[in-house]
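Take a look at the structure below.
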Amino acid sequence: MKDKFGEKLDVKIYTMDSEAAKPYALEFKGSTNVLLDKEWVPLKVATDKNQMETFLSGKI
């Protein structure tokens, strides 16, 4: 996604025990969670390249 969206997308990956994840820890639904502008991205979308590309195209 970073290759296609370049400067429009800033990807950050955190582990569940990181300081950045703490505010969301009680809300996380499982081990894989994706947020875009602090809003949940459905897991089905986040794990499918084509769906994620379509989703991001409509958001950024």
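This chain uses plain numbering: 1 for the first residue, then up along the sequence.
For Lys59, there are no side-chain hydrogen bond (donor to acceptor under 3.5 Å, both in side chains) partners two or more places apart in sequence or in a different chain. Qualifying side-chain hydrogen bond (donor to acceptor under 3.5 Å, both in side chains) partners for Thr15, counting only residues two or more places apart in sequence or in other chains: Asp17. Partners of Lys12 under the side-chain contact (heavy atoms from CB on, under 4.5 Å) rule, at least two apart in sequence or in another chain, are Asp10, Tyr14. Partners of Lys22 under the side-chain contact (heavy atoms from CB on, under 4.5 Å) rule, at least two apart in sequence or in another chain, are Glu19. Applying the side-chain hydrogen bond (donor to acceptor under 3.5 Å, both in side chains) rule to Gln51 yields no partners; only residues at least two apart in sequence or on another chain are considered.
Residues Met52 and Val41 come closest through the heavy atom pair SD-CG1, 4.0 Å.
Annotation: salt bridge (charged side-chain N to carboxylate O under 4.0 Å, His left out) contacts involving residues 34-53, sequence neighbours excluded, comprise Lys4-Glu53. Legend: ring-ring contact (aromatic ring centres under 6.0 Å, His included) pairs involving residues 38-58, not counting sequence neighbours, sorted by first then second residue: Phe28-Trp40.
Tracing side-chain contacts under 4.5 Å through hydrophobic residues (I, L, V, M, F, W, Y), one never reaches Val11 starting from Leu43; they form parts of separate clusters. Under a hydrophobic clustering in which Ile, Leu, Val, Met, Phe, Trp and Tyr are joined whenever their side-chain heavy atoms come within less than 4.5 Å, directly or via other members, Ile13 and Phe5 fall into the same cluster.
The line from CG of Leu9 to CD1 of Ile60 is 5.0 Å long, rounded to the nearest 0.5 Å.
Side-chain contact between Tyr24 and Leu35: present, with at least one pair of heavy atoms (C-beta onward) separated by less than 4.5 Å.
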